[in-house]
Each structure stands twice: as structure tokens, then as C-alpha cells.
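All values below were derived from every heavy atom in this structure, side-chain atoms included, with hydrogens, water molecules and symmetry-related copies excluded.
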Amino acid sequence: MTLSIKQNINNLQAFKGISNLNAAYVNANNGVNNQAQPAPVQNVNVQNAAPKAQVQAPLQTTQGYAPELKQTQTISKPASAYIEGVGAVPSGYFIEGESNHGSEDHIIKKTPLTGARIVADKITKSIFSYAPKGMKGSKNSNFYEYLSLGMIPYIVGSVMMVATTVAASKFFNPSDAKASKMIGKSAALGVVFCAAMKWLGGKIMEKGTEALTGVDMAMPYKKVISELPEDGKEKTSTEFHRVFESVDFPRWDLINKQGEEEGNRYQYYDNIAKKKLGCDEPLNAPDQVVQPLITKALTKAMAAKSISSFLWAATGVALAAQKDFANFGSFTKKPTLKQFITKVPVDFARTLKDASKSLWNGTSVKSKLVGRGLIIGAAASTVLGLLNVKRGYKIDKKPSESQIDYKKDYVEN
């Protein structure tokens with residue numbers, strides 16, 4: 001039996017002609033394009049060839065690193081997908097750009113107004129779509145719609161709570177009407193401060209986690225749902241979710257797909273490894289190394305966020321209950337629009353400062369302990385939560401002590 005290198009090259013050319021994907025594989029591994037062709041050689045007779053034993057020195061392995069692996073093929077199109085071991089896959093295998101995702105779930109670009117847009121979408125659809133669907137028992141109603149409807153009772157209940165204290169104030173005597181309005185104002189401020197401080201506490205935890213670990217807890221994606229036929233019609237609906245809203249089942253597939261569209265499937269993990277984990281060399285399997293760390297950090301961050309956000313919400317309610325806000329927004333005479341716009345922000349900042357001092361100092365020993373306990377507890381829960389998230393968020397960059405000795409025989413049982 002003879003071995004012909006020329007014949008092997010012909011076989012590879014035939015393999016290349018099967019598909020574009022095979023062509024990309026051959027180009028990446030054998031360098032058919034723009035590489036020197038091997039010089040023709042004479043056939044070698046295997047029987048007459050004298051075998052020569054080659055003994056390799058023990059190989060020192062590393063923990064997840066592959067410094068010897070280099071990307072030799074330049075990706076010509078940034079939007080083309082890149083598969084490890086294959087190279088740049090021709091466009092068409094993956095959909096490019098957000099506008100061309102069609103009916104596929106995909107990560108959306110984050111802007112300062114993305115969060116407000118998602119909340120507005122949920123509120124609008126809850127009133128005009130989700131509630132009517134649930135009332136008529138639609139088979140397309142789901143748990144996401146049920147959770148979204150939870151915002152409606154919160155808004156309606158808050159408005160009714162405030163309205164009950166001021167609706168009948170015009171029938172009271174002047175002193176009682178003034179007291180009723182003060183109670184209503186305090187209740188309204190309490191609702192606003194509760195929501196605002198809860199949002200602020202959660203946002204601090206999200207931004208802090210992203211700064212320490214590179215993991216964006218609020219990374220949004222659009223989910224496209226093909227609904228079941230109803231009333232003789234078929235349609236699709238969209239929902240807004242977070243990639244990491246489930247610690248057990250994060251949407252790794254969307255992260256990988258976004259990386260493929262940018263030319264590197266592991267781009268997200270590579271960035272975290274380089275910027276947050278201090279890896280100077282590329283990891284051999286970045287997803288397998290970084291994903292467990294992300295899951296661990298998310299578990300800690302979500303627990304800390306739940307605790308700190310409610311402590312901040314309680315602090316907001318306590319601030320709104322201070323007497324400093326009793327005269328906030330009161331005018332001796334009706335102001336003009338310009339006076340209202342220029343005066344209210346300054347008045348609010350001053351009142352908030354005085355209310356914070358009142359909450360910290362208190363009017364008695366007990367109120368002083370409660371006020372300081374709320375402020376210190378909210379701040380401490382955030383700081384300690386972030387420190388706990390960062391704890392253990394690292395990889396072992398030291399070389400492994402294990403060695404592979406090729407001198408030893410391998411025996412398969």
C-alpha cells in the first residue's frame with residue numbers, strides 16, 4: 001500500500017466542493033487559499049520505510065489557557081459568523097443586525113430610554129391587551145402577562161389611597177381641610193419616594209455589579225411569540241425580558257448569537273476574561289470558564305438587590321413622612337409656569353436635605369434609632385452586597401502541576 005500526498009490533496013479538494021461550510025473548514029485548516037502548495041514528492045512505500053520512534057517531552061498544561069492558539073485567518077466581514085476550527089462562515093448562515101432578526105429572539109441595543117420604553121410597553125399592553133385577553137379566557141394568555149398586570153393594581157391603589165384623603169376636603173372646615181391635604185400630600189410623596197428609592201437601590205446594585213464583574217443584569221432582549229390561532233386569526237406578539245432574569249436558565253444562546261453576528265462567538269466571555277478577570281492570554285474554552293462565574297455572581301447580586309431595594313424603599317417612605325415636606329409645593333399665590341419650573345426643583349432639593357437631617361437626628365431616641373438604622377442599613381446592604389458579588393469572582397491563572405508524559409504507555413481496559 002502506498003501513500004500519495006497528491007492524492008490526499010485531491011480528496012480534500014473534493015471535500016471542499018461539497019458545501020460552502022466545508023470550503024471554509026478546508027481554508028481555515030489546510031490553507032488552500034493564498035498559501036504555498038506542497039511540492040510533489042515520490043510515493044513512499046510503507047513496508048520499506050524504517051519506523052522511527054519519536055518521544056516527546058512531558059507537556060505542561062495550564063488552567064484554561066491556550067497561549068499557543070492564534071487566530072490565523074482574518075475575518076473579512078465583521079458581520080460574518082466565526083466558528084472555532086472553521087473560520088469565517090459565509091453570510092446567510094446567521095441573520096445579521098437587529099432589523100433583520102425576523103421572528104427570532106434577539107438582544108436589543110440599550111439606550112438611556114430603553115428601561116422607560118419597556119415599562120411604557122408593559123403598562124400600555126396591560127391595559128389594552130393583557131387584561132382583555134385574561135378576562136375573556138384567551139388561550140394565548142401567559143405568565144408574563146400575568147406578572148405585567150401587577151403594575152396596574154399598584155398604580156390604581158396608590159391613586160385611590162391619595163384620593164380618599166383629599167376628595168372630600170372641600171366639605172371640611174378650613175383647619176380640617178388643611179390637615180386632610182397634608183395627609184394626602186404625605187401619602188402621595190410616600191408612594192413616589194417608595195418607587196423611586198426602590199428603583200434607585202436596584203439600579204445601584206445593577207451598575208455596581210456590571211462595574212465589578214462585567215455582567216449587565218438588566219441586559220434586555222425581545223422575545224417574539226407566535227400565538228395560537230384564535231378567532232380565525234394568527235399573529236405574533238412581542239415581550240421584553242432580561243437575558244439574566246433566570247439564574248438557572250440564562251439566555252446563553254442569545255449571547256452566543258450576538259457574538260456570532262460580530263464575528264466571534266465567545267466575544268462576551270473574552271471581554272469579561274480580559275477586562276474583569278485579568279487574563280492576558282485568550283482562554284481555551286471561555287464559555288466553560290466564565291459562565292459558572294457569571295451564574296455565581298448573579299445569584300449573589302440578585303439576593304443583595306432584593307434586600308437593598310426594599311430597604312431603600314422603606315427609607316424613601318420614612319423621608320416622605322418627615323414634617324419638612326408639609327409645606328412643600330405650597331404657594332402664597334398661584335405661580336406662573338416659569339416660576340413653577342424654576343422654584344419647585346430648588347424647593348424640593350432644600351426640603352429633601354432638611355428631611356434627611358430630620359430622619360437622621362429624629363425627634364426622640366426611638367425615632368433617631370429607627371431613622372439611622374434605615375439609612376445605615378440601606379447603604380450597608382448595597383456595599384456589602386457588592387463586596388460579596390466580587391468575592392470569589394476570579395480564575396486560577398497559575399499553571400497546573402499535572403503533566404502529560406508521552407513516554408508512558410497507554411492501555412485501554
Side-chain angles (χ1 to χ4, degrees), residues 113 115-136 141 144-203 309-356 358-359 363 367 370-371 374 378:
L113 296 178
R117 172 191 170 193
I118 292 175
V119 172
D121 179 84
K122 286 185 177 182
I123 293 176
T124 303
K125 288 183 177 178
S126 295
I127 298 174
F128 299 104
S129 178
Y130 300 159
K133 285 172 62 177
M135 293 296 291
K136 71 177 183 180
S141 295
Y144 172 85
E145 298 178 359
Y146 170 76
L147 293 178
S148 300
L149 285 169
M151 293 188 296
I152 304 303
Y154 179 83
I155 296 174
V156 175
S158 299
V159 173
M160 291 182 65
M161 181 180 66
V162 176
T164 53
T165 62
V166 297
S169 61
K170 61 182 180 179
F171 300 106
F172 300 156
N173 58 56
S175 59
D176 291 341
K178 182 178 180 180
S180 177
K181 291 179 180 180
M182 289 178 61
I183 295 174
K185 184 190 297 182
S186 178
L189 288 173
V191 171
V192 174
F193 273 46
C194 177
M197 295 296 280
K198 183 180 179 181
W199 172 84
L200 180 62
K203 189 60 65 175
S309 61
F310 282 104
L311 286 175
W312 282 110
T315 304
V317 174
L319 277 174
Q322 300 304 307
K323 292 183 179 180
D324 300 272
F325 279 103
N327 296 322
F328 171 71
S330 300
F331 299 95
T332 55
K333 60 180 181 178
K334 187 176 181 180
T336 62
L337 179 61
K338 182 178 179 180
Q339 291 175 338
F340 183 84
I341 294 175
T342 56
K343 185 178 179 180
V344 169
V346 177
D347 189 21
F348 176 79
R350 178 187 54 79
T351 306
L352 181 61
K353 180 181 177 181
D354 295 339
S356 300
S358 299
L359 180 61
T363 56
S367 62
V370 173
L374 283 174

Ignoring hydrogens and angles, write down the donor-acceptor pairs under 3.5 Å from the side chains of residues 186-202, residues two or more places apart or on other chains.
none

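- Nearest heavy atom pair, residue P345 against residue I341, reads CD-O, 2.9 Å.
- Scored by the side-chain contact (heavy atoms from CB on, under 4.5 Å) test, V346 finds no partners at all (sequence neighbours excluded).
- If you take CG on L374 and CG on L359, they are separated by 6.5 Å, rounding to the nearest 0.5 Å.
- Between atom CG of residue L149 and atom OG of residue S129 there is a gap of 9.5 Å, rounded to the nearest 0.5 Å.
- Within a 6.0 Å sphere centred on OH of Y144, other residues, nucleotides and ligands contribute more than 12 heavy atoms.
- The aromatic rings of F348 and F325 sit tilted relative to each other, their planes meeting at an angle between 30° and 60°.
- For the pair Y146/Y130, no side-chain contact is recorded, criterion being any heavy-atom separation below 4.5 Å from C-beta on.
- Side chain to side chain, D324 and S358 meet the donor-acceptor criterion of an N or O pair below 3.5 Å.
- Nearest heavy-atom pair, S148 versus S126, reported as atom, atom and distance to 0.1 Å: O-OG, 3.3 Å.
- Heavy atoms of other residues, nucleotides or ligands lying less than 6.0 angstrom from NZ of K181 number 12 at most.
- Taken from NZ in K323 to OG1 in T363, the straight-line distance is 7.0 Å, to the nearest 0.5 Å.
- Contact check on R117 versus D121 returns no salt bridge, with no Lys/Arg side-chain nitrogen under 4.0 Å from an Asp/Glu carboxylate oxygen.
- With rounding to the nearest 0.5 angstrom, the OG atom of S169 is 13.5 Å from the CE atom of M182.
- Checked against K122 for a side chain to side chain contact (heavy atoms under 4.5 Å, CB included), the options I118, T124, V119 give a single hit: I118.
- Atom OG of S367 is separated from atom CD of Q322 by 8.0 Å, given to the nearest 0.5 angstrom.
- The shortest non-hydrogen separation linking G150 to P153 is O-CD, 3.4 Å.
- Heavy atoms from other residues, nucleotides or ligands lying under 6.0 Å from OH of Y154 number more than 12.
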